[in-house]
Amino acid sequence: MSALQDLRVLVVENDEMSATLLQMQLAQAGAVVVGPAASVADALRLLGDSEPQVALLDYRLANNETSEPVAAALSARGIPFVLATGMAPDHLPAVFRAGVMLTKPYLTAELNAALERALQAASVAS
């Protein structure tokens, strides 16, 4: 059984094709996908409504937004997250240091491993 089995994963991704691929990858691992959310407002609404256990964030979202406010809200609630980006970590706001970095492009196995690392780090911290 996958470590992601029945896990509620908030997906914050504004690119429709990427979001669809992520949904398929996560569903194949047994996760329950929350979203996807393409904007900060959508992500924060889903965060409040669905109580995800972990989140997968894209850095750049629609309308020149970034997922920085979502990362801050997740951290405040103690919800682990993975940031999927092609940006160098030293070019990202400090709030993202609380998460696990996943460099784009990545394989499904790397995605699953990053989510598992985020969950393990959160369980050690609590």
Side-chain angles (χ1 to χ4, degrees):
M1 185 158 106
S2 166
L4 304 180
Q5 188 68 42
D6 298 325
L7 197 68
R8 290 184 313 281
V9 182
L10 172 62
V11 174
V12 182
E13 169 63 67
N14 68 306
D15 180 77
E16 203 171 309
M17 280 189 15
S18 295
T20 300
L21 179 60
L22 285 168
Q23 287 177 292
M24 290 188 315
Q25 290 170 307
L26 292 167
Q28 190 173 31
V32 176
V33 176
V34 176
S39 68
V40 169
D42 286 347
L44 294 177
R45 181 182 50 76
L46 285 170
L47 179 58
D49 292 348
S50 63
E51 300 180 19
Q53 295 162 287
V54 66
L56 177 64
L57 308 178
D58 184 20
Y59 178 67
R60 295 195 190 285
L61 303 176
N63 303 317
N64 291 321
E65 290 185 318
T66 71
S67 58
E68 186 175 358
V70 182
L74 290 164
S75 292
R77 293 176 188 211
I79 299 171
F81 64 89
V82 171
L83 177 69
T85 184
M87 293 181 63
D90 54 337
H91 289 98
L92 294 167
V95 70
F96 291 108
R97 291 190 194 114
V100 171
M101 293 291 161
L102 179 62
T103 304
K104 288 181 173 182
Y106 51 83
L107 302 171
T108 300
E110 293 167 323
L111 167 64
N112 294 349
L115 289 166
E116 289 175 26
R117 279 197 312 278
L119 289 164
Q120 287 167 353
S123 69
V124 167
S126 61

request  = Tell me, with the steps shown, if L57 and F96 meet side chain to side chain contact (heavy atoms under 4.5 Å, CB included).
outcome  = CA-CA 10 Å; L57 308 178; F96 291 108; 4.3 Å; yes
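- The shortest distance between side-chain heavy atoms of L102 and L111 falls below 4.5 Å.
- Under the 4.5 Å side-chain criterion, counting only non-hydrogen atoms from C-beta, L119 is in contact with L7.
- One finds the CG atom of L4 at 5.0 Å from the CD atom of E116 (value rounded to the nearest 0.5 Å).
- M17 places none of its side-chain heavy atoms less than 4.5 Å from the side chain of T20.
- A donor-acceptor contact shorter than 3.5 Å links the side chain of S123 to the backbone of Q120.
- At a threshold of 4.5 Å between side-chain heavy atoms, the hydrophobic network of Ile, Leu, Val, Met, Phe, Trp and Tyr places L74 and V82 in two separate groups.
- In this structure the side chain of K104 reaches within 4.5 angstrom of the side chain of D58, judged on heavy atoms.
- In plain terms, the two heavy atoms of V95 and A71 that are nearest each other are CG2-C, 3.9 Å.
- Atom CD of E51 is separated from atom CD1 of I79 by 8.0 Å, given to the nearest 0.5 angstrom.
- Looking only at side-chain heavy atoms (C-beta outward), P36 and Q23 come within less than 4.5 Å of each other.
- The shortest side-chain heavy-atom distance between V100 and L83 does not fall under the 4.5 Å cut-off.
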key: Test log, rule side chain to side chain contact (heavy atoms under 4.5 Å, CB included), inputs L56 and L22   = CA-CA 9 Å; L56 177 64; L22 285 168; 3.4 Å; yes
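- Formation of a donor-acceptor pair under 3.5 Å by the S67 side chain with backbone atoms of V70 is not found in this model.
- A continuous path of Ile, Leu, Val, Met, Phe, Trp and Tyr side chains, each step under 4.5 Å between heavy atoms, connects Y59 with V40, placing both in one hydrophobic cluster.
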task = Could you walk me through whether Q53 and V9 pass the side chain to side chain contact (heavy atoms under 4.5 Å, CB included) test, one step at a time?
result = CA-CA 6 Å; Q53 295 162 287; V9 182; over 6 Å; no
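- Interatomic distance, OH of Y106 versus OG1 of T85, reported as 10.5 Å (0.5 Å rounding).
- For CG of D90, the number of neighbouring non-hydrogen atoms (other residues, nucleotides, ligands) closer than 6.0 Å is greater than 12.
- Across L46 and G35, no two heavy atoms sit closer than the pair CD1-CA, 3.5 Å.
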request  = Under the side chain to side chain contact (heavy atoms under 4.5 Å, CB included) rule, what do L115 and L26 come out as? Steps first, then yes or no, please.
outcome  = CA-CA 10 Å; L115 289 166; L26 292 167; 3.5 Å; yes
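- The shortest side-chain heavy-atom distance between L61 and E13 does not fall under the 4.5 Å cut-off.
- For the atom pair CG of N112 and CD of Q25, the computed distance is 7.5 Å after rounding to the nearest 0.5 Å.
- The nearest pair of heavy atoms linking A73 to L47 is CB-CD2, 3.7 Å.
- Dense packing is recorded around CG of D49, with more than 12 heavy atoms of other residues, nucleotides or ligands lying under 6.0 Å away.
- Rounding to the nearest 0.5 Å places CG of L21 at 13.0 Å from CD of E16.
- To the nearest 0.5 angstrom, M101 atom CE is 9.5 Å from M87 atom CE.
- Between the side chain of E110 and the main chain of L107, a donor-acceptor pair closer than 3.5 Å is present.
- In plain terms, the two heavy atoms of A118 and P80 that are nearest each other are O-CB, 3.4 Å.
- With hydrogens and angles ignored, the 3.5 Å screen pairs no side-chain donor or acceptor of E65 with any backbone N or O of S39.
- Side-chain contact between F81 and P52 is absent, with no heavy atoms from C-beta onward closer than 4.5 Å.
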